[in-house]
Structures are given as structure tokens and as C-alpha cells.
Amino acid sequence: SLLRQVSSLLRRLPVIESGKFQDDFLMEYNDTLLITYLAM
Amino acid sequence: SSDSIFYFDDAAQTKFLQDKPWVNDPHYFKRVKISALALLKMVVHARSGGTIEVMGLMQGKTDGDSIIVMDAFALPVEGTETRVNAQADAYEYMVDYSTINKQAGRPENVVGWYHSHPGYGCWLSGIDVSTQMLNQQYQEPFLAVVIDPTRTVSAGKVEIGAFRTYPEGYKPPDEPVSEYQTIPLNKIEDFGVHCKQYYALDITYFKSSLDCHLLDLLWNKYWVNTLSSSSLLGNGDYVAGQISDLAEKLEQAENQLAHSRFGPLMAPPQRKKEDDSQLAKITRDSAKITVEQVHGLMSQVIKDILFNSVSQ
Amino acid sequence: EEQVLVIREKLAELYESEQQWSKAAQMLSGIDLDSCMRMIDDTFRLSKCVQIARLYLEDDDAYNAEAFINKASFLVSSSQHEVLNLQYKVCYARILDLKRKFLEAALRYYDISQIEKRQIEDEEIDEEALEQALSAAVTCTILAAAGPQRSRVLATLYKDERCSKLKIYPILQKVYLERILRKPEIDAFAEELKGHQKALLPDNFTVLDRAMIEHNLLSASKLYKNISFHELGTLLGIPPPKAEKIASRMIYEDRMKGSIDQVEAIIHFEDDTEELEQWDQQIVGVCQALNDILDSMAKKGF
């Protein structure tokens, strides 16, 4: 049962892969870099 | 022994109240010890208010120059963005609550009040100072605690301040600079006028053996929460507010610099120093905002590497 | 009128002893409670209204009972008679239940279950009665139409530690945690229901069927990104067209987010949670799973 739990855990990785997530993540990344740039 | 602090010695407290050692020394109380329970209850209450100020009372005792806060309870007070006033109904509630508490075997007295400053830092406004001076006149020993629930989330630690006011007309000795904090432009006037009328006390925390046990049990929730939260997501509005406040301050500084363009020749060195320190503050504010943002981004990147970059 | 009153009360008593509840109620209904011929105090009026309503309710006759409970509602606010007030509350909750206003009935049953006193005047309030009221509150909440109000009441009940001792708790837990309910669990729950709660609706489904189908549909929308109606029908235990009809109604009533591709016969569930927030929720799931594995390893002595 332990191994089954471990394999189901591994099957959950990567936790999210949608294209929309990439867009949102990069958007957030760029926003933060922009703030850093403005602060500089 | 860690639980001995929770013991309430009625006789000692009564004697302390009779001696009134704080009367001769406006700076008598220097330390505050807050229990984990009281801290949690105050922070949860402050956060539940969102952008509205909330208010409550703290119960505890004194120990030499320390005020010990053991518990806290919320007051049925309607707060608004800028002020909290314990209307009459709150006074009635306070008396009832304290009376019933004592009947239930909780001997601690009310030792102070707390309220929240959502998003604009922990200090006392003019209204807070007058409220606290009144309390210190009639309800000593009495402490004022301010919590900023919004900054608590963005900084990842509880933004809290404990204060006591000086008597009317008292001139405090030069204050050691307390930890720097950003005061929003629309509050700076109120802050500047009153910041010499009160002083901050050192805050430490304590917890009982039961608290330790319960917090250990909650540990699983804590590390999961740390890995699955994002300060960037929950705090957009607050950061936007901070950046717009920064822009206003920059504009104001620029205008002043513009006026004093011919200043360098005539402006006294003091004035130039002032402009510098104002700009220095703005620079520090902007660095603070950015560092918090970068921290938020770092945690997102780490989470991305940890949980997304695994390939089957 | 005095003599008529005595005779009617006596006859009603006899009918009651023969368990002819409605006849007893009709007998008492003939008493003129608004007569100006003699002084009748409000408490007497209230007690008669409540007694008649209770008798009608013994025969599940909500219609007649409601008429007397409505009369009583004008009198109960000024009544100091705690027993009568409690009986009024119970009648009112049962009428709402019979009229399938399940959410309102649940709130009143829950209110009754929270009575602190165990002795009101000469009436003994036993734990059994309070537990029944609590159980009725859970049943009515489960039967209520899915939506934010029902979720709030479910949360209240789920967090009330008394519920964990109820026989109905496993169902409550699954409904609150939005997990899919299997047929055997639903059948077991159906055993406990009263007649009116198993009545057929116009679309030939019982109240329970509808509540369970909607619940499972909402649970499926949390589990899957999309699903064909054929599969959904199998999952819900109903014909695919029926599943499509119920899904479209719930989307229309904004009780579920999604879109239906009728050409492909597929429903696409939508989750308006922000992608980054979903990411955090997925991380919670992974961390909890990791934690469970570590706990199991610790238990097995690894």
C-alpha cells in the first residue's frame, strides 16, 4: 500500500501543466521584474 | 515552569495597583509579553476586518516594568477606514464580559486595548493617542497595541506595535530610532504631529506547554501552508496602494526640489539635508516594496522548480 | 360555549386515544377561539392552536396544521410559556419540512437541537429528542437544493461535534467534502427518510434523487475537467439525456460553472479559481499526500 501511495504521489507531479498557468506565471514574473526595474 | 507565567497572584497584583510605581516615571513600563493565544486571537480578529479597523481588549497582569497579555477579546465596534470608536454599546459589553469572566474563574484584569491599522503600519494616530491618554488616566496600567493585518501577510510576520502615551505636556528625551516603517502620505501628517507623544515597548511572546503541543500538532499544516501560499497573489491591492503612495511622495519631493532649484545657493544646509532625508525615505520605501516582491517571486520560482519541473 | 368547549375537548381526547389525529384536530378546530362571548386569554388560544397543529401533523397534514401555526405565530411572540413556545417551534419546523422548504426547516431543527435546558417547567427535554432534531436538520440540509446557503449550513453542521455521533454522519461528511455518493450509500440514507421526503416530483424523480444527482454532478465538476454525457450518466446512475438536462439547468441557475458541447455530447467544467491559486491548491494536495506517506511509514516502523 505504501508503494501504491508513493506511485500515486509521483503521478501527481508536475502538479500543473496548463498553458494558461505558464502565461499567468510569466505575467507575474514580469510584473515583479518590472517593479524591481522601476525601483532601481 | 513555562506555565508559571499564567499564574495570577491576586495579592501581588492588588499591591502593585496600590503602589502605582508608574505614576512617577512616565517611561515606567518598558516591556510587553504577549501569549501565543492572545496574539493569534488579535491577528485573526484584525484579518477578519479586512480593510476595516477592528478593536478589542486585552486581559492580563503586570510584572515589574512588564505588562503581560494573557488573553484578548473582540469588541462589537463598528470600525471605518480611518477610525475606531468604542461607542456606548462597547462599554456595556466590556463591563459584562469582564464581570462574567471573573465569575468563570478568570481573574485577569483588562490591561489594554488593541486595534488594527490595515495597510498603514503600527503607530498611534491622533485619535488613538487621545483614547490612550484617557485610558492611562483612569484605567492604569493600560497598554495600546496596534496590528497591521495587511502588512502581516506581505511581510510574512506579525506587524504589531505596543505603545504607551506620555502625560500631557511631557517632553520625552531623544528617542532611539525605532524600526523604520513606511507611513502612507495621507497619514503622514497625523503620524508626524503625534509621534512624540508616545513610546514603543519591546514585545516578546510566550506560550504554555499546551500551546507548544498544539502548535507542534499544527506543524503539518504550517509547512504545507508555507509551500502552498503566495504573498504575490493575496496582496495585489496592498502593493498597488503602496506603489501609488510612493509615486505621490516622489511627485511631492520633486515639486519641493523644483521650488528649491535655486536653493543650493541660498538654501541653508539644513533644508538640503531635509530634502535628502525625504528622498532617502522614499528610496527606502521603494526598496522595501521591491524586496518583498522579489521574496514573493523567489518562493514562486522555488515552487515551480519543486513541483512543476519534474518530468515523467 | 363553555359546555361546547368541554364536550369538544373530551371528544378530542377520546379520538386522540384512538389515534384518530385528524378527527381530534377537527373536533378542537370547532372551538371558537375568537369569541367575544367570553374572556379567552392568549395563552389558552396559543395552546389550542399548537395542539390542533400537532394533531394535524401526526397525520402529516401540513396544509391544515399551517393554518393554525400561522394563527399561533401572532400569539407566540408575547408568550412566556416556554413549553408552548418550544412546541410551536417544532410544529413550524415540521410544516416547513413537509412543504419541502428544506433549508428553512433545517435551520429551525438545528435551532431546536441547541436548547441548553434539560427541564422546561414540568417537561423533560431528553437527549434523544435533541439528537432527533439534529438528525432532522442534517437530513433537510442534504435534501435542500445545492447552493451557497446550503453549503453554509452544511459547514455549520459538519463542525458541530455532536453530528459526528449521528448515524447519518458519513453521508454528511461526504456531502460537505463534496465527494461523490455511491448508490448503496444513497439507498441506506433513503431508508431513514419520511414519506414526504421520498415523494415523486413532476419529473418522476424523488426529492432525494434530485438532491443526490445535483450533489454528485457538483462533485464530478470538482474532479474532472470535462466528461462525456454517456460517462456522466453512468457515474450518476441516470440516462445521459437526463444528466445533460440537469447539468444545463444547474449551469443556467449559476450553481455550477461549465459549458456543454452538444455536438460532441461533452460537458466542460470551468473553475473560476485563478490558475495560480489552483496551483497552490494542487501543491497542498501533493504535500498532504507526502505527509500521509510519511505517517504510514512511521506507523509501519520504517
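In what follows, chains are A, B, ... by sequence order, proteins preceding strands, each numbered from 1. What you see is a predicted model; the values in this text were computed from it and never measured.
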Shortest non-hydrogen contact from [X] toward [Y]:
| X | Y | answer |
| --- | --- | --- |
| Phe229(C) | Ile260(C) | CE1-CG2, 3.7 Å |
| Ala211(C) | Ile142(C) | CB-O, 3.6 Å |
| Cys140(C) | Ala106(C) | CB-CB, 3.8 Å |
| Ala105(C) | Leu96(C) | CB-CB, 3.8 Å |

Cross-interface N/O pairs, chain A with chain C, donor-acceptor, under 3.5 angstrom:
unit_1, atom_1, unit_2, atom_2, d
Gln5(A), OE1, Ser296(C), OG, 3.3
Ser18(A), OG, Glu275(C), OE2, 2.5

Self-check item: Heavy atoms of other groups near Leu3(A) CG, more than 12 under 6.0 Å
Solution: no

Quiz item: How about Ile246(C) and Leu236(C): do any of their side-chain heavy atoms sit closer than 4.5 Å?
Solution: no

